[in-house]
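Remarks on the structure that follows.
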Amino acid sequence: MGELRYLSDVVTLTLDVDKCSGCGMCLTVCPHGVFALQNRKARIVDRDACMECGACAVNCPVDAITVDSGVGCAAAVIIGALKGTAPNCGCSDEPSCCS
């Protein structure tokens, strides 16, 4: 499978670097390489590659990561691709706002 890309700047992913312990669990569980370790702290290096699955947040032992999994444009793109329909998260009045 090629590199998956979603819409720019719509992902709900956030990282509180001050809380991060540098364990690297987010790197281990992220299927799209969104994170990297720099100076013993996680950093978001490819935010737009995030598919909002929530694996990073669920596995973060210090709750430094938040993501609203299964919501927003990224989820709409994934669901649309799986169902063969146009993605629509409802973020605008357009029939297919996420395409």
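Heavy atoms only: backbone and side chains are in, while hydrogens, waters and symmetry mates are out.
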Exercise for the section: Please check if the side chain of Asn39 supplies one atom and the backbone of Lys41 the other of a donor-acceptor pair under 3.5 Å. Expected result: no

Exercise for the section: Report yes or no: does Thr12 contribute a side-chain atom to a donor-acceptor pair with the main-chain N or O of Val67 at less than 3.5 Å? Expected result: no

Practice task
Indicate the atoms forming the closest heavy-atom contact of Pro31 with Cys53, along with that distance.
Solution key: CD-SG, 4.2 Å

Problem - Cluster overlap Ile65 with Val29, hydrophobic side-chain contacts below 4.5 Å - result: no

Exercise for the section: Go through the steps for Val34 and Ile44 under the test side chain to side chain contact (heavy atoms under 4.5 Å, CB included), then give the verdict. Expected result: CA-CA 6 Å; Val34 172; Ile44 297 173; 3.9 Å; yes

Got [X] and [Y] here, is their nearest side-chain heavy-atom distance under 4.5 Å?
X	Y	result
Asp46	His32	no
Cys60	Cys26	no
Phe35	Leu13	yes
Arg43	Val17	yes

Problem - Verdict with supporting geometry, Val11 and Met51, side chain to side chain contact (heavy atoms under 4.5 Å, CB included) - result: CA-CA 8 Å; Val11 177; Met51 64 181 197; over 6 Å; no

Completion exercise
Distance col, row Asn59:CG vs Cys30:SG, nearest 0.5 angstrom, shows 11.0 Å

